[in-house]
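Everything quoted here is computed from the prediction, not taken from an experiment.
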Amino acid sequence: MADEQRPLGEEGTDGVRRRDFIHIAAVSFAGVGAVAAVTPLVYQMAPAADVLALSTTELDVAAIQPGQAIKTTWRKQPVFVRHLTAEEIAEANDVPSADLRDPQTLAERTKPGKEAYLITLGVCTHLGCVPLGAAEGENKGEYGGYFCPCHGSHYDTAGRIRKGPAPTNLVVPPYEFTSDTAVLIG
Amino acid sequence: MSFPWAKEYQPQNGFMQWMDERLPLPRLVYGAIGAGYPVPRNLNYFWNFGVLAGFALMIQIITGIVLAMNYAANTAVAFNSVEYIMRDVNAGWLLRYLHMNGASFFFIVVYIHIFRGLYYGSYKAPREMVWLLGVVIFLLMMATAFMGYVLPWGQMSFWGAQVITGFFSAIPLVGEPLREWLLGGFVPDNAALNRFFSLHYLLPFVIAGVIILHIWALHIPGSNNPTGIDVKSEQDTVPFHPYYTSKDGFGLGVFLIAFCSVVFFAPNMLGHPDNYIPANPLSTPAHIVPEWYFLPFYAILKAFTYNFLWIDAKLWGVIAMFGSIALLFFLPWLDKSPIRSASYRPLYRKFFWFGLLPCIAVLGVVGAMPAEGLWVPLGQVAALYYFAHFLIIIPMISYFEKPEPLPMSITESVLGKAETPAVGATPATA
């Protein structure tokens with residue numbers, strides 16, 4: 001075609017110069033290369049293999065008396081394991097779900113037959129402080145569960161948010177009972 | 001650009017002549033901070049604070065570079081390496097206290113610099129770009145200061161990092177993955193400490209770069225002045241050197257007396273004792289607060305305790321906190337009054353002294369207090385006023401206000417007319 005023979009800078013009948021194609025192709029190729037070069041720089045920021053390797057925790061809940069709670073860690077985050085008393089269970093079950101900011105029942109937050117063991121992350125869902133209430137004598141807040149001292153979030157005996165700035169209930173991590181008292185978190 | 005009567009650089013000897021023809025750096029300095037930069041003759045001492053802020057940045061960079069020679073960014077040893085600097089490194093205690101308090105004094109002078117700009121209308125045309133770059137510098141300073149505070153890996157370092165990176169988790173959908181990406185983990189740990197150290201070292205140089213742009217943008221229209229009126233003739237100005245180099249030198253002496261008083265006699269006055277406890281990821285201090293210079297913003301963050309519309313309280317708090325700084329970017333267009341200086345703006349002046357300043361003082365106090373009792377509604381009222389001041393009150397008063405009569409010229413405001421005394425702010429005896 002005659003079109004093939006014309007100089008690079010001249011417009012053809014369609015109003016497009018051959019050089020336009022070269023410009024677009026070169027800049028696009030450089031753009032793809034830039035994105036490819038930036039990818040490892042961005043990706044190196046994500047959690048490294050050693051951080052991800054800490055992702056299961058085993059523990060035995062047999063020694064926890066009713067009313068007691070212990071702290072352990074999972075993925076370097078604190079975990080609260082609480083053995084609820086009968087009154088605490090009743091209190092958690094008496095709350096109408098309409099009163100809750102993040103409606104969930106105690107049964108949904110525990111394992112069947114193990115409702116007395118409330119296992120949650122000890123990380124306030126507001127900005128990540130460790131709430132008080134797991135250790136003896138700490139402030140349990142207005143609803144008898146946990147109280148976050150940083151910005152005043154109150155959690156009830158099922159670890160549900162009841163008052164304060166936190167948006168959701170304390171997170172229940174993935175876990176299972178591998179025997180009657182052994183728990184595997186993660 | 002400069003005024004037509006700006007003195008031109010004259011090389012004093014053969015070497016400077018040779019230099020000027022090849023790399024006119026002396027010419028640049030002469031025109032920027034030498035006798036070649038004409039400045040309004042009536043600047044008061046509030047105009048010292050830009051130079052003071054630059055000096056504070058230099059203190060931070062110099063002490064920071066030598067501290068980095070002795071510090072180790074690893075969670076196992078970071079806390080102890082700071083104690084090592086304090087006890088074993090020669091003059092380490094001095095360098096660390098200079099750096100620690102240097103950050104506070106940098107913020108003190110920058111806050112005064114910002115309020116100077118707000119009072120005398122330095123953000124208005126034709127200096128909008130100077131103001132915008134200033135807000136960028138302020139944001140970079142906040143990021144740098146936050147990351148620096150994490151480095152000693154004390155309790156406040158750790159929990160400050162936890163709370164501040166928690167802001168990002170408020171963003172819907174991508175928030176939590178974004179936070180894990182920023183931290184390189186699920187909680188602040190070794191990866192986070194290392195990257196904070198890297199960025200804490202980098203950002204001051206970025207700040208220095210933006211400061212160059214800030215000064216470049218300033219030198220196009222030239223400095224504002226306490227009357228806010230434009231320079232009209234040569235007799236309205238004096239050369240920067242020696243008039244303002246000497247005035248700034250005096251201000252620098254006063255600044256250093258105040259700075260050294262704190263460094264040598266009360267070095268921990270502005271810090272928090274909990275940061276001398278090594279970081280413990282399983283126990284939050286009973287009462288965590290940021291450094292004093294973040295308290296008003298922290299109070300705005302805490303002001304939202306209820307979900308509102310479809311956005312939850314947590315996200316509202318974060319939006320409001322970032323918004324409180326972001327709105328400063330719009331200030332040059334929110335304030336429609338053509339009068340710059342508050343000296344001639346009776347309403348603006350009253351709202352500045354009796355509205356904005358008390359509001360920020362209250363926010364600062366509330367930020368330091370626990371989120372309970374009367375502090376919560378007090379913080380909410382003050383946060384509401386803060387936004388109303390910039391978004392409602394300032395635009396409104398620019399319509400209703402009747403400005404007081406302006407002087408004919410800067411010279412008239414300094415020397416006075418024959419029959420009337422000088423009006424306006426304290427004139428400099430330039």
What verdict does the side-chain contact (heavy atoms from CB on, under 4.5 Å) test give for V130(A) and L282(B), after you've listed the backbone C-alpha separation in whole Å, the side-chain angles of each residue and the deciding distance to 0.1 Å? CA-CA 7 Å; V130(A) 179; L282(B) 294 187; 5.9 Å; no
ring-ring contact (aromatic ring centres under 6.0 Å, His included) filter on F138(B), not counting sequence neighbours, yields Y111(B)
Heavy-atom pair of closest approach, residues K76(A) and D189(B): NZ-OD2, 2.7 Å
Closest non-hydrogen atom pair, Q44(A) against R195(B): O-NH2, 4.0 Å
For [X], which atoms come within 4.5 Å of any heavy atom of chain A: side chain, backbone, both, or neither?
{"X": "Y298(B)", "answer": "side chain"}
{"X": "F167(B)", "answer": "both"}
{"X": "L301(B)", "answer": "side chain"}
{"X": "P285(B)", "answer": "backbone"}

Within residues 102-123 of chain A, which residues come under 4.5 Å of chain B, heavy atom to heavy atom? V123(A)
Is [X] in contact with chain B via its backbone, its side chain, both, or neither, using a 4.5 Å heavy-atom distance?
{"X": "T125(A)", "result": "backbone"}
{"X": "A46(A)", "result": "both"}
{"X": "K71(A)", "result": "side chain"}

Does atom [atom1] of [X] have more than 12 heavy-atom neighbours, drawn from other residues, nucleotides or ligands, at distances under 6.0 Å?
{"X": "F205(B)", "atom1": "CZ", "value": "yes"}
{"X": "L41(A)", "atom1": "CG", "value": "yes"}
{"X": "F329(B)", "atom1": "CZ", "value": "yes"}

Can you check whether Y43(A)'s main-chain N or O pairs, donor with acceptor, with W181(B)'s side chain at less than 3.5 Å? no
Once rounded to the nearest 0.5 Å, what's the spacing between atom CG of D50(A) and atom CG of N190(B)? 8.5 Å
Once rounded to the nearest 0.5 Å, what's the spacing between atom NE2 of H126(A) and atom CZ of F304(B)? 11.0 Å
Under 4.5 Å, counting heavy-atom pairs only, tell me which of [options] racks up the most with chain B.
{"options": "V42(A), T73(A), L132(A)", "result": "V42(A)"}
{"options": "P131(A), P149(A), C129(A), A134(A)", "result": "C129(A)"}
{"options": "P78(A), S153(A), G128(A), A48(A)", "result": "G128(A)"}

